[in-house]
Student: 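Starting off with a structure, shown below.
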Amino acid sequence: MSASTAPAGSTVVPPLAARIAASAAALDAGDLPAAAFEKVGVCLMDLIGCAFESRHLPWSRQAEAIATRTADGATVIGSPHAVAVGDAAFANAVMGHGLVREDMHPGSISHLGIVVLPALLALAQTRRVTGREFIAAAVLGYEVGGRVGRAVMDSTLARIHRPTGVTGPVAAAAAGARLLGLSIDQTTNAVALAANTTVGFNQWAHTGGSEMFFHPGFAARDAVTAVRLAALGAFFSPSALDGEAGLFASLGKRDRADGVRLFDGPPEILSVYHKPVPACNFAQTPAQAALRAARESGWSTARIASITVRVPQAGASYPGCDYAGRFDHVLQAKMSIQYNVAAAIARGRIAEDNFARLDAPDIVRLLGLTTLEVDDAMTRAYPGAQGGEVELRDVDGATHIARLVDVVHASADDVRDRFRAAASEAVGADAAAAIEACIEGLADADDAGTLGALLRVAARDLAPAA
């Protein structure tokens with residue numbers, strides 16, 4: 001029950017936006033575990049590396065093309081130009097999502113880093129803030145998005161609403177307000193307005209439409225706008241999250257709002273994992289299991305007579321995941337569990353070039369042999385663990401099964417290695433090393449905006465996109 005509807009004599013629970021604001025104000029960076037500081041650095045490398053690697057893809061170029069250039073703006077990763085602050089947040093969020101290889105918070109079914117971090121990178125270039133405050137703000141953003149997402153998102157809602165579009169604006173607004181040192185009232189207003197901007201339907205997953213890439217862009221830009229308006233004194237409904245006509249009510253989860261508590265346990269950012277596969281979250285474990293089954297069996301693809309894939313119910317029901325073709329757009333393949341399994345077996349690896357030719361005959365043949373099933377044990381274990389199993393049967397009736405109880409995450413070293421490769425290709429090894437050193441030293445930096453400026457300066461000599 002919200003404060004506005006509490007009966008006389010009852011305990012009044014402040015609106016959720018106000019509770020988030022109070023937690024933001026009370027957060028002491030010194031109380032955060034060292035692992036949370038380290039995780040922010042890994043998440044930044046993941047975002048920036050993905051942005052560099054996706055900078056020439058159509059959605060990345062489109063997002064940058066509509067940005068308004070300005071002398072005193074913020075950086076678009078991999079561009080020599082400063083642009084309007086909201087436009088920078090928009091473009092960097094799109095680019096960070098461009099490979100579908102962003103960080104993942106399973107409990108909220110959300111990619112929080114591609115919204116929170118672009119918003120903070122942009123805002124850090126509008127006011128001098130320390131790297132320590134940047135890190136604390138990032139941890140707060142992941143916490144808000146994770147806790148709100150755990151409360152409202154489930155597999156039923158995710159069939160329609162894009163989880164990142166629901167959690168991202170609120171998370172990034174809380175983070176941005178903390179970064180700029182807004183008051184509790186101002187932060188309440190920023191979070192409240194952000195709740196009004198939640199965006200994104202999952203129809204794209206049925207068609208391969210590219211709106212998915214732009215959802216986090218809108219979320220990051222809207223969060224920046226909410227923070228800047230709140231800083232100017234704008235007032236918004238404190239009960240926009242948990243009121244009778246608020247966000248939680250719109251999703252049929254109003255009764256869950258009072259249970260949202262920040263930092264009630266390990267920070268949510270520590271629950272985030274980094275994708276090894278440039279594809280949907282729910283395709284990760286099946287693709288890994290498929291690769292293991294193919295290698296362990298030693299069978300040629302010609303010997304395979306059938307492929308059975310088993311996943312949690314959440315994976316089978318997420319839009320676009322249970323789809324075996326035809327594939328007219330790359331995003332359809334990146335969402336499809338069946339495609340990722342077939343491509344991993346056919347190519348003997350999990351890589352971006354698995355999506356280079358969607359009609360490759362060997363992949364198409366294996367797709368025709370693939371069946372997707374829901375595994376009850378995996379369903380019960382999710383989201384604490386995200387299992388996957390692949391059973392191969394050969395032409396002689398022999399079977400080989402590979403089962404993973406959880407996705408094998410990309411390690412911090414994996415993230416760092418692919419960041420170095422992408423950044424070095426984009427701006428050269430020396431500039432890439434300077435960016436990495438800036439991220440590694442962020443906790444001691446006097447000015448977090450240096451990172452954004454370094455990304456722009458390092459990109460001045462970039463050749464035009466082909």
Side-chain angles (χ1 to χ4, degrees), residues 46 49-50 53-54 56-57 98-102 104 205 208 273-311 315 320-373 386-395 398-404 406-411 413-415 417-418 421-422 425:
D46 205 21
C50 286
E53 197 169 340
S54 74
H56 295 328
L57 296 177
L99 299 177
V100 199
R101 201 193 63 198
E102 56 293 302
M104 179 72 201
Y273 84 86
H274 300 278
K275 289 182 178 180
V277 181
C280 175
N281 167 58
F282 293 113
Q284 303 289 311
T285 324
Q288 292 176 326
L291 191 60
R292 178 176 295 186
R295 288 174 175 173
E296 290 176 349
S297 72
W299 299 339
S300 68
T301 57
R303 283 190 60 192
I304 297 174
S306 70
I307 305 170
T308 303
V309 185
R310 300 180 179 96
V311 297
C321 287
D322 184 6
Y323 181 65
R326 126 180 181 184
F327 298 95
D328 296 314
H329 304 282
V330 68
L331 198 49
Q332 291 172 302
K334 286 192 171 237
M335 293 302 299
S336 166
I337 291 172
Q338 290 95 321
Y339 183 93
N340 279 275
V341 165
I345 294 171
R347 297 289 172 264
R349 61 185 179 277
I350 297 171
E352 179 66 21
D353 63 6
N354 284 15
F355 307 97
R357 185 180 173 189
L358 304 182
D359 62 348
D362 54 345
I363 295 177
V364 171
R365 174 184 173 274
L366 293 177
L367 279 166
L369 305 176
T370 302
T371 302
L372 188 69
E373 297 180 353
Q386 186 172 292
E389 179 178 281
V390 171
E391 178 180 343
L392 304 181
R393 183 177 296 274
D394 77 356
V395 291
T399 62
H400 189 88
I401 297 175
R403 185 180 181 92
L404 298 176
D406 200 3
V407 61
V408 179
H409 305 167
S411 69
D413 287 341
D414 293 333
V415 171
D417 287 346
R418 64 197 192 193
E425 181 182 355

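Treat the numbers as computed from the prediction; the structure is a model and nothing was measured.
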Student: Between Ile307 and Ile345, is a side-chain contact (heavy atoms from CB on, under 4.5 Å) present by the stated rule, with each step listed?
Tutor: CA-CA 10 Å; Ile307 305 170; Ile345 294 171; 3.9 Å; yes
Student: Any idea how Tyr339 and Phe355 line up, ring-wise: parallel (<30°), tilted (30 to 60°), or perpendicular (>60°)?
Tutor: parallel
Student: To check you understand the geometry: which heavy-atom pair defines the closest contact between Asn340 and Ala279, and what is its length?
Tutor: OD1-CB, 3.3 Å
Student: Less than 4.5 Å apart, any side-chain heavy atom of Val390 and any of Arg292?
Tutor: no
Student: Show your working on side-chain hydrogen bond (donor to acceptor under 3.5 Å, both in side chains) between Asp406 and Tyr273 and close with a plain yes or no.
Tutor: CA-CA 11 Å; Asp406 200 3; Tyr273 84 86; over 6 Å; no
Student: Nearest 0.5 angstrom please: Ser54 OG to Leu99 CG, how far?
Tutor: 5.0 Å
Student: Is there a side-chain contact (heavy atoms from CB on, under 4.5 Å) between Phe327 and Leu367? Walk through the geometry before answering.
Tutor: CA-CA 11 Å; Phe327 298 95; Leu367 279 166; 3.5 Å; yes
Student: Taking side-chain hydrogen bond (donor to acceptor under 3.5 Å, both in side chains) as the test, write out the residues that go with Asp394, two or more places apart.
Tutor: Arg303
Student: Rounded to the nearest 0.5 Å, how far apart are OG1 of Thr370 and CZ of Arg365?
Tutor: 10.0 Å
Student: Assess whether side-chain contact (heavy atoms from CB on, under 4.5 Å) is satisfied between Ile401 and Glu389, documenting all intermediate values.
Tutor: CA-CA 7 Å; Ile401 297 175; Glu389 179 178 281; 3.6 Å; yes
Student: Could you walk me through whether Asp322 and Ile337 pass the side-chain contact (heavy atoms from CB on, under 4.5 Å) test, one step at a time?
Tutor: CA-CA 6 Å; Asp322 184 6; Ile337 291 172; over 6 Å; no
Student: Provide the closest heavy-atom pair for Thr285 versus Leu404 in the form atom of the first, atom of the second, distance.
Tutor: CG2-CB, 3.7 Å
Student: Compare all side-chain heavy atoms of Pro286 with those of Val309 and state whether any distance is below 4.5 angstrom.
Tutor: yes
Student: Between Glu352 and Arg418, is there a side-chain N and carboxylate O pair less than 4.0 Å apart?
Tutor: no
Student: Ion pair present between Asp353 and Arg349, side-chain N to carboxylate O less than 4.0 angstrom?
Tutor: yes
Student: Do the side chains of Arg310 and Thr308 get nearer than 4.5 Å, heavy atoms only?
Tutor: yes
Student: Of all the heavy-atom pairs spanning Gly98 and Leu57, show the shortest one and how long it is.
Tutor: O-CD1, 3.5 Å
Student: Check Ser297 against Leu392 and note the closest heavy-atom contact, atom names and distance.
Tutor: OG-CD1, 4.1 Å
Student: Just by modelled atom types, is the Met104 backbone N or O under 3.5 Å from a matching donor or acceptor in the Lys275 side chain?
Tutor: no
Student: State whether Arg403 and Glu391 are salt-bridged, where the test is any N-O pair (Lys NZ or Arg NE/NH1/NH2 against Asp/Glu carboxylate O) under 4.0 Å.
Tutor: no
Student: Keeping the roles fixed (side chain from Ser336, backbone from Tyr323), state whether a donor-acceptor pair exists under 3.5 Å.
Tutor: yes
Student: Salt bridge or not for Arg347 and Asp362, using N-O below 4.0 Å?
Tutor: yes
Student: Where do Ala346 and Thr301 come nearest, in terms of heavy atoms and distance?
Tutor: CA-CG2, 4.1 Å
Student: For a quick test of reading the model, state the closest non-hydrogen atom pair linking Cys321 to Gln338 and the distance between them.
Tutor: O-OE1, 3.1 Å
Student: Can any side-chain N or O of Gln332 pair as donor or acceptor with the backbone N or O of His329 at less than 3.5 Å?
Tutor: yes
Student: Salt bridge (charged side-chain N to carboxylate O under 4.0 Å, His left out) with Asp328: which residues, sequence neighbours excluded?
Tutor: Arg326
Student: Output the distance between atom CD (Gln284) and atom CZ (Arg101), rounded to the nearest 0.5 Å.
Tutor: 10.5 Å
Student: Atom SG in Cys280, atom NZ in Lys334: separation rounded to 0.5 Å?
Tutor: 11.0 Å
